[in-house]
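One structure below.
First the proteins, then the strands, lettered A, B, ... as listed; each starts at 1.
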2 protein chains.
Amino acid sequence: MSERVVPPAARRRRRPTKHGVVLSEELIVDTALRLIEEHGADALSVRRLGRALGADPSSLYRYFRHTDDLMLAIADELIGRTLRTWRPTGDWRADLRDLGLRMHAGALAHPRAAVLSSYRVTGREYEIQAVETVLGVLREAGFPDAEAVRIYHAFVDQALAHGALDSASAAMPKAAREAEAAVWRATYARLPADTHPHIAATARHLVADMARSSYPAALELLLGASAGRLAEIRSRSGHPTATPDSSAKAVP
Amino acid sequence: MSERVVPPAARRRRRPTKHGVVLSEELIVDTALRLIEEHGADALSVRRLGRALGADPSSLYRYFRHTDDLMLAIADELIGRTLRTWRPTGDWRADLRDLGLRMHAGALAHPRAAVLSSYRVTGREYEIQAVETVLGVLREAGFPDAEAVRIYHAFVDQALAHGALDSASAAMPKAAREAEAAVWRATYARLPADTHPHIAATARHLVADMARSSYPAALELLLGASAGRLAEIRSRSGHPTATPDSSAKAVP
DNA sequence: ACCTGAACACCGTTCAAGT
DNA sequence: ACCTGAACACCGTTCAAGT
């Protein structure tokens, strides 16, 4: 793992490329996001990105070890953008709902970054900020530490998993996406009741429902279940004898 | 969309390849699954599959229009394998739990097929069978049609989304996977309490919890909420005046 | 110090030619 | 009828050479 990436201190000394562009991590990430926005998720390759920057593709390896590192930097920038315009209201349930829907929308806007970052930890600035923020909302709502982490995990995985699912679907070529919808109408909605009674009975609902994302409903389910837990916790702890870290001891 | 795929009737006339192998859709799918199992998700390419079959890569295009079609055939075969050993018990909640966990496990065993098929509809034999089966479990439990479809959608998306998430993570090279876990221990667990109080307070829980899948918990949440709905529905319909399709009329 | 250009080892897909 | 081989238009990544 030898250092091939430019150490931050040395970056000031950089030289313009052939076409007069001065490269930087920020410029590369922004250009990559623009490329995804304008030409779809598949437009992002080291070679195309180099072309868009007016630089040789190989010059990017001075800023990112692999394409993977670049994608994580993009993912972190997306988290940053999602968080920057978000304001907490003090109502934990409304705050989490808002955050979840923003994360989901952010994923849909940048499908490829969303799919890659959904199962990755970046350990970068904005991701850390997001973790701190969500945990803060839960702990200040009154969830004990272990419970706050469990709900944080479920909440984040749900947003990322559905975000990746829905954005992978949205990133398909238009023709293919229409072909998918047609499968429900042309194949499922036409199965005879004698061989497939349950599909035949519910075909109308299937065609309508499967065209929508199941994320909003899944999010409400999670928030509802969490509210139930919180009510339980509050009613049980009439005596606030528990020290802040007492719940930690219960973990194996 | 000209027919380049061999019509089923003509397949009997096929000729062995150079190395004496007789190609077929089944053989190709099985070989692809073996390749994924033995050499990881990235080992699957048209060229490698051709090599594994002892045939020219281009010959595969007689059986599948694109790599995509091949992946859908693989996905359907996986659905079939998941269903083949499953037996309903009559307890809808236990049945769905079992099915969900099997789908999740199946995804983990074949990450690449899982990631691709998670957002696709195959419209093939086993997928149709699976839809019919899950809808049957829900309708026979007493859920009205519209509700059964909503729960079916949430259940399937959840299994597929978490399956894709967890299997993408599992498919990472071992070194990368270990580096990910290290981020929680080395970065998050060392943030100072004055700048990141919530992370610092819950670091122990984060390290432990984030290493596990959140799917089992998410599944229980869904089953619990569904059971709640069913209880509501049952208590309200003391008078079974509703005709079988009465719920359909309530949909916009 | 930073960027370039050539090279390496791959991809998916098409199509005329072989058997 | 089915498979092959060559070709096309791409990939990510490395490294010696240029400025």
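For the pair A/D157 and B/S214, the tightest heavy-atom approach, listed with the atom from each and the gap, is OD2-OG, 2.8 Å. When all heavy atoms of B/T122 and B/A75 are compared, the pair lying nearest together is CG2-CB, 4.5 Å.
Between A/R124 and A/E25 there is a salt bridge, with a side-chain nitrogen of the basic residue lying less than 4.0 Å from a carboxylate oxygen of the acidic one.
In this structure, B/R190 places its CZ atom where only 12 or fewer heavy-atom neighbours from other residues, nucleotides or ligands lie under 6.0 Å away.
You'll find that the side chain of B/Y61 is closest to C/dT14, out of D/dG5, C/dT14, C/dC3. Comparing C/dT4, D/dC2, C/dC3 by their nearest atom to the side chain of B/Y63 picks out D/dC2.
Rounded to whole Å, atom P of C/dA1 lies 20 Å from atom CG of A/D56. Atoms CZ (A/R62) and C1' (C/dG5) sit 15 Å apart, rounded to a whole Å. Note: CG (A/L60) to P (C/dC3) measures 9 Å, nearest angstrom. Going from atom CG of A/L53 over to atom P of C/dC2 covers 16 Å, rounded to whole Å. Atom CG in A/L49 sits about 12 Å away from atom P in D/dT13, given to the nearest Å. In this structure, the CG atom of B/L70 is 10 Å from the P atom of C/dT13, given to the nearest Å. A/F64 has its CZ atom 15 Å from the P atom of D/dG12, to the nearest Å. For the pair B/D69 CG and C/dG12 P, the interatomic distance rounds to 14 Å; values are reported in whole Å.
Residues satisfying the salt bridge (Lys or Arg N to Asp or Glu O under 4.0 Å) criterion with B/R97, sequence neighbours excluded, are B/E220.
Nucleic acid contact class of B/S58 (heavy atoms, under 4.0 Å, all strands): base.
Atom name P, nucleotides D/dA9 and C/dC10: the rounded distance is 22 Å, in whole Å. Taking atom C1' in both C/dA16 and D/dC3, one finds a spacing of 13 Å when rounded to whole Å.
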Is there any protein nitrogen or oxygen under 3.5 Å from a nitrogen or oxygen in nucleotides 7-11 of chain C, and what are the pairs?
unit_1: C/dC11; atom_1: OP1; unit_2: B/S45; atom_2: OG; d: 3.3
unit_1: C/dC11; atom_1: OP1; unit_2: B/R48; atom_2: NE; d: 3.1

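Base pairing in DNA chain C yields stems of at least 3 consecutive Watson-Crick or G-U pairs, both distances under 3.5 Å, namely C:4-8 with D:12-16, C:12-16 with D:4-8.
Aromatic ring pairs are classed by plane angle as parallel below 30°, tilted from 30° to 60° and perpendicular above 60°; the pair A/H104 and A/Y215 is parallel.
Residues A/V29 and A/F64 meet the side-chain proximity criterion, which asks for heavy atoms closer than 4.5 Å. Side-chain atoms of B/Y152 and A/H205, non-hydrogen and from C-beta on, never get closer than 4.5 Å to each other.
A/R81 forms no cation-pi arrangement with A/Y126, by the criterion of a distance under 6.0 Å to the ring centre and an angle within 45° of the ring axis.
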